[in-house]
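Computed over heavy atoms, backbone and side chain alike; hydrogens, waters and symmetry mates excluded. Protein chains get the first letters and strands the later ones, always in sequence-line order, with residue 1 at the start of each.
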Amino acid sequence: MIPSLNQEIASAINASCHKLFGTLPPRLVLETPPKVELGDVAIPAAFELAKVLRRPPRKIAEDLASALELPEFVRERRVEGGGYINLFLDRPRTMALLLAPRPPRTPEGPKTIIEHTNINPNKAAHIGHLRNAVLGDVLVRTLRHLGRRVEVQNYLDDTGVQVADVVVGLAHAKELVDSGRAAAMAREIEEILDAFPHDLPGVPARQLGDLTWDLYALVGRTYTQDPSLESERKKTLHIVESAALGRELSGEEARLARLGVRLAEAIVRCHLLTMARLGVSYDVLPRESDILARRFWDRAFSLLKEAGAVQLETEGKNAGCWVMKLEGSSEFAGMEDADKILVRSNGTVTYTGKDVAYQLWKFGLLGSDFEYEPAPYVDIDGQPLFHASDGISPLYRSRHDETGADPSARGRFGKGETVINVIDVRQSYPQKVVKEAVRRAGFPEASSRSIHFSYEMVALTPAAATEMGFELSEDDQKRAFVEMSGRKGLGVKADDLLDQLVEKAHEQIAARSGGEPVEPGRAEAIAIGALRVYMTRFSRNKVIAFDFDEALAFEGDTGPYLQYAAVRANNIFRKLASQGLAGRLSSGERTGLATRPAAQCDDNLWDVVRTCARTAETFEKVGDSLEVSFLVRHALALAQAFHHLYHTHPILQAPDDATRLARRAALELVLSTLEEILDVIGVPIPERM
RNA sequence: CUACCCGUAGCUCAGCUGGAUAGAGCAUCGGCCUUCUAAGCCGAGGGUCGCCGGUUCGAAUCCGGCCGGGUAGGCCA
């Protein structure tokens, strides 16, 4: 419940067990009883001891309970159920302790690098990317809250096939299916890119994401209908890579390469704008093109070769490729062909190969680094559009050479002790390969600190897909969910969903404001709250079958429910002030709380306090398990407890000052706890609902 | 074929390393706005925890085997 108190209780149990039974409980766990009436801390140790001592747990609990020498904080002990020892805390003192000011934590210790978002810069972001970014962002905020040093990286695959695909679409628009529409879109896209970094008059920045989304879908359809275009794809990818490697290119090739560079750069701005809307930010944007230009792979390759981790195949289907043999290792057991190609027979490096180099760099083990420059995204006045995750520092991106690089940023990024990659579960296999490669390159400790934060995908319910005008096959209609597919253009765009949320929030506000004008930030805040909670309230390994009704819900287990609790708490303090009553607790009141009669803390009030008290351990649990839904569910439980209290314990109309003080104290605690948690989940608290 | 994930109320999900009467939200039904905003609260109904076996004083939870659904096993990422 309270970390320091838990420790005292734990050592008391151990001491008494030793004295009474001459043995310690195999595992010492402290639980929280399911109901307030049952107490504040539950000790199930008697169940464990029953096995060892071969005596009924209830008996053991009774003996142990009376023998325990507990801290003064514990007011009462009871044996409940089959053998639980339940402790009741001194309510006023606990409350005073919980309300005592805590010094803010400054980050310290070794650095944890978290990579998330990582969207192919060739089209608008969809709701699957949203899950990635929100989970990653909440993880970042949680670890920071726990006092760790965290660096946020958003990797840009600016020289990948997906970028090449859209370049193909632009260069060969007339050969695509629906060529008329394709050509029109291509023209508009090129105009937008020509004007970049400025926007065309009247054309919103996100238009580019929408257009490329559609164009990419046409390219995808064309590939399946007319495979001859595939050769253009290979050629284009080669051009894009060659440019990054600094090779001389002919006129047309150079034009295509430049197109790819500008496309990626402009789409990244779309993504960053979308994420900024949600309050998601990054410290550095490492680019794949710079990994190529800086020859990171060459370094990684020699490390792997020196360690004997890779070998050149001379025969078989992988002849001419450099592969990492995985057949023997247990992690890859049972796989038919577990070997992973890192260098293709034509000499080019696979994505996984580049990822190995990137991973080694993240740990500072590559012996090579990027240069860095501030990300080039500015508004009309030349002010930066984005900041680093501290909200102050500039957002940097990697750079391949010194020209234009910021020398003061040199060496600032990477060199993490722990690296967490937020990537969906479908990429478990390549992630395992990367981890294994780091190990075999001679860095077992770095390998063990390579964490794949995996989560399940966001898919669409057939209903949602149909609602958006997609025609599903009969088989698909029967499925529980259908996978999104950029190549089919099947998916819900992040900004579209946000817009719908904002619109709905606006309607709801307008419906209750009685004609008063609605300030624009309110609907946006509610939309963000709804979205962030929707993306984080499920366990990581649960597929989210996206459903419009569910995503747009504002009642029950939702962001607005949390926000409403905080708004209500704020309203009470506001109202108290407007009536000339004491509102927020003074420091004298806080310390004086400890000696007040316990009677003012009835069970209902205490239930809320008890929930607040579990916050610290919830944060710890999230840090240990990397399961952010624990935090969200805790917030929901707290909000629920408070909404209940709100109806049973009026403060303005409290019967007397003493009662009011106890209630104000509980309110103070709820509000500060809610603010603390919502800040970490990234749910903004509006002034009013 | 192999590995991993999922299977709990009509729907969406919790259930923390085995333990208190299996809990929330949505939906349904019934109440509560002259009282700090009803995006709220109170109450009711609704469960063979996929199936079978094992371990245990005790299993939704651990183990084994099935069944159903999903994902991965590309010189794509």
Sugar-phosphate only, base, or nothing, as touched by Q162(A) at under 4.0 Å among non-hydrogen atoms: nothing

Helical stems, RNA chain B - three or more consecutive Watson-Crick or G-U wobble pairs below 3.5 Å: B:1-7 with B:67-73, B:10-13 with B:23-26, B:28-32 with B:40-44, B:50-54 with B:62-66

Sugar-phosphate, base or nothing in reach of R568(A), heavy atoms under 4.0 Å: sugar-phosphate

Sugar-phosphate, base or nothing in reach of Y564(A), heavy atoms under 4.0 Å: sugar-phosphate

Rounded interatomic separation in angstrom, taking CG from N571(A) and C1' from rA38(B): 14 Å

Sugar-phosphate, base or nothing in reach of A545(A), heavy atoms under 4.0 Å: nothing

Among rG25(B), rA20(B), rC36(B), the nucleotide that comes nearest once only the side chain of Q640(A) is considered: rG25(B)

D557(A) versus Q640(A), side-chain donor and acceptor atoms under 3.5 Å: no

Any Y455(A) side-chain nitrogen or oxygen under 4.0 Å from OP1 or OP2 of rC6(B): no

Ring-ring centroid check Y155(A) Y358(A), cutoff 6.0 Å: yes

Any Y351(A) side-chain nitrogen or oxygen under 4.0 Å from OP1 or OP2 of rG74(B): no

Value in whole Å for how far the P atom of rG73(B) lies from NZ of K325(A): 19 Å

Lys/Arg N to Asp/Glu carboxylate O, E37(A) vs K35(A), below 4.0 Å: no

Phosphate contact (rC32(B) OP1 or OP2) by H647(A) side-chain N/O below 4.0 Å: no

Any donor-acceptor N or O pair under 3.5 Å, side chains N604(A), T648(A): no

Residue-phosphate contact under 4.0 Å: S428(A) side-chain N/O, rU71(B) OP1/OP2: no

Below 4.0 Å: OP1/OP2 of rG7(B) and any side-chain N or O of K542(A): yes

Touch class at under 4.0 angstrom, heavy-atom based, for V29(A) against every strand present: base

Side-chain-base donor-acceptor pair under 3.5 Å for K621(A) and rC16(B): yes

Syn or anti for rC42(B) (syn when the glycosidic angle lies within 90° of 0): anti

Under 3.5 Å side-chain donor-acceptor pair for N132(A) and Y455(A): yes

Side-chain donor-acceptor contact under 3.5 Å, T159(A) with E241(A): no

Touch class at under 4.0 angstrom, heavy-atom based, for A551(A) against every strand present: nothing

Sugar-phosphate, base or nothing in reach of Y646(A), heavy atoms under 4.0 Å: base

Residues K123(A) and Q162(A): side-chain donor-acceptor under 3.5 angstrom: yes

Base rA20(B) paired with N86(A) side chain (donor-acceptor, <3.5 Å): yes

Distance-only polar pair, side chains of H506(A) and R522(A), donor-acceptor under 3.5 Å: no

Side-chain ion pair, E313(A) and K325(A), N-O less than 4.0 Å: yes

P spacing across the pair rC32(B) / rG69(B), given as an integer number of angstrom: 48 Å

Length of the CD-P vector between E48(A) and rU17(B), whole Å: 13 Å

Residue E555(A), side-chain atoms from C-beta onward, closest of rA77(B), rG40(B), rU37(B): rG40(B)

H116(A) and F453(A) aromatic centres sub-6.0 Å: no

Per N541(A) side chain, nearest of listed nucleotides rC36(B), rC6(B), rA24(B): rC6(B)

Among rA20(B), rG58(B), rC75(B), the one nearest K51(A) by side-chain distance: rG58(B)

N/O (side chain, R479(A)) to phosphate O (OP1/OP2, rG70(B)) under 4.0 Å: yes

Separation of the P atoms in rG10(B) and rG64(B), to the nearest angstrom: 30 Å

Sugar-phosphate only, base, or nothing, as touched by I509(A) at under 4.0 Å among non-hydrogen atoms: base

Closest nucleotide among rU37(B), rG40(B), rA20(B) to the R688(A) side chain: rU37(B)

Gap in Å between the two C1' atoms, one belonging to rG15(B) and one to rA24(B), rounded: 10 Å

Polar side-chain atom of R540(A) near backbone of L626(A) as donor-acceptor pair, under 3.5 Å: yes

Polar side chain donor-acceptor pair, T618(A) to R614(A), under 3.5 angstrom: no

Sugar-phosphate only, base, or nothing, as touched by D624(A) at under 4.0 Å among non-hydrogen atoms: nothing

Spacing between I423(A) atom CD1 and rC4(B) atom P, to the nearest angstrom: 20 Å

R426(A) side chain, from C-beta outward: closest of rC5(B), rA72(B), rA20(B): rA72(B)

Main-chain N/O of Y646(A) paired to H649(A) side chain as donor or acceptor, under 3.5 Å: no

N318(A), nearest nucleotide to its side chain (from rU17(B), rG25(B), rC75(B)): rC75(B)

Given rA24(B), rA77(B), rG40(B), the nucleotide with the shortest approach to the side chain of R344(A): rA77(B)

Any residue of residues 628-636 of chain A with a heavy atom less than 4.0 Å from an atom of RNA chain B: F630(A), R633(A)

Listed nucleotide nearest any side-chain atom of I651(A), set rA38(B), rC36(B), rG70(B): rC36(B)

Sugar-phosphate only, base, or nothing, as touched by V543(A) at under 4.0 Å among non-hydrogen atoms: sugar-phosphate

From rU12(B), rU37(B), rA77(B), nucleotide with atom closest to F538(A) side chain: rU12(B)

Carboxylate-amine/guanidinium proximity below 4.0 Å for D624(A) and K621(A): no

Between C1' of rA72(B) and NE2 of H452(A), the distance in whole Å: 12 Å

Atom pair distance, as rounded to whole Å: CD in E37(A) and C1' in rA20(B): 13 Å

First encountered from the 5' end of RNA chain B, between P560(A) and R614(A): R614(A)

5'-most by nearest nucleotide on RNA chain B - Q653(A) or L38(A): L38(A)

Integer-rounded Å distance: rU35(B) P and L652(A) CG: 12 Å

